[in-house]
Amino acid sequence: MNIETEREDDGRWIAEVPDLPGVMVYGRSREEAISRVKALALRVLADRLEHGESIPELGEVFAVPA
């Protein structure tokens, strides 16, 4: 799953996982945003599996472009 990051005008960072709609978080640093979005994505995947829902096919767990 790819993680996309972007810096806001106010200095905060946004990180999201496009393959999981709604999995988007803010962080004070890029590293914090990435860490938080990974945790949220894993919780969403676990919840989907627990409820018998489908999850995206995973080639890698997380890929973060430099």
Side-chain angles (χ1 to χ4, degrees):
M1 287 187 293
N2 290 322
I3 295 174
E4 295 179 359
T5 59
E6 184 178 326
R7 190 163 194 177
E8 293 283 286
D9 293 337
D10 64 4
R12 295 181 300 167
W13 283 86
I14 299 174
E16 70 175 316
V17 178
D19 292 332
L20 296 171
V23 176
M24 179 175 69
V25 300
Y26 284 98
R28 287 177 289 238
S29 67
R30 183 174 187 263
E31 294 75 21
E32 179 184 8
I34 290 170
S35 177
R36 293 179 69 201
V37 84
K38 285 180 179 181
L40 179 57
L42 291 173
R43 278 183 284 211
V44 167
L45 290 172
D47 188 58
R48 286 185 179 186
L49 288 171
E50 185 177 316
H51 291 94
E53 298 174 29
S54 64
I55 62 170
E57 187 172 320
L58 306 175
E60 294 182 29
V61 176
F62 294 111
V64 182

Can you tell which of Ile14, Val25, Thr5 makes a side-chain contact (heavy atoms from CB on, under 4.5 Å) with Val37?
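The residue from Ile14, Val25, Thr5 that satisfies side-chain contact (heavy atoms from CB on, under 4.5 Å) with Val37 turns out to be Val25.
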
Side chain to side chain contact (heavy atoms under 4.5 Å, CB included) assessment of Asp19 paired with Asn2
CA-CA 8 Å; Asp19 292 332; Asn2 290 322; 5.6 Å; no

Quick one: closest heavy-atom pair of [X] and [Y], and the distance?
{"X": "Ser54", "Y": "Arg48", "result": "O-CD, 3.5 Å"}
{"X": "Ala33", "Y": "Gly27", "result": "CB-N, 3.9 Å"}
{"X": "Met24", "Y": "Leu40", "result": "N-CD2, 4.1 Å"}

Separation of [Y] [atom2] from [X] [atom1] (nearest 0.5 Å):
{"X": "Leu42", "Y": "Met1", "atom1": "CG", "atom2": "CE", "value": "6.5 Å"}
{"X": "Glu6", "Y": "Glu8", "atom1": "CD", "atom2": "CD", "value": "6.0 Å"}
{"X": "Leu45", "Y": "Glu53", "atom1": "CG", "atom2": "CD", "value": "11.0 Å"}
{"X": "Arg43", "Y": "Leu20", "atom1": "CZ", "atom2": "CG", "value": "12.5 Å"}
{"X": "Arg7", "Y": "Arg30", "atom1": "CZ", "atom2": "CZ", "value": "11.5 Å"}

Main-chain N/O of Tyr26 paired with Arg36 side-chain donor or acceptor, under 3.5 Å
yes

Take atom CG of Asp9 as the centre, draw a 6.0 Å sphere, and report whether it contains more than 12 heavy atoms from other residues, nucleotides or ligands.
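No.
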
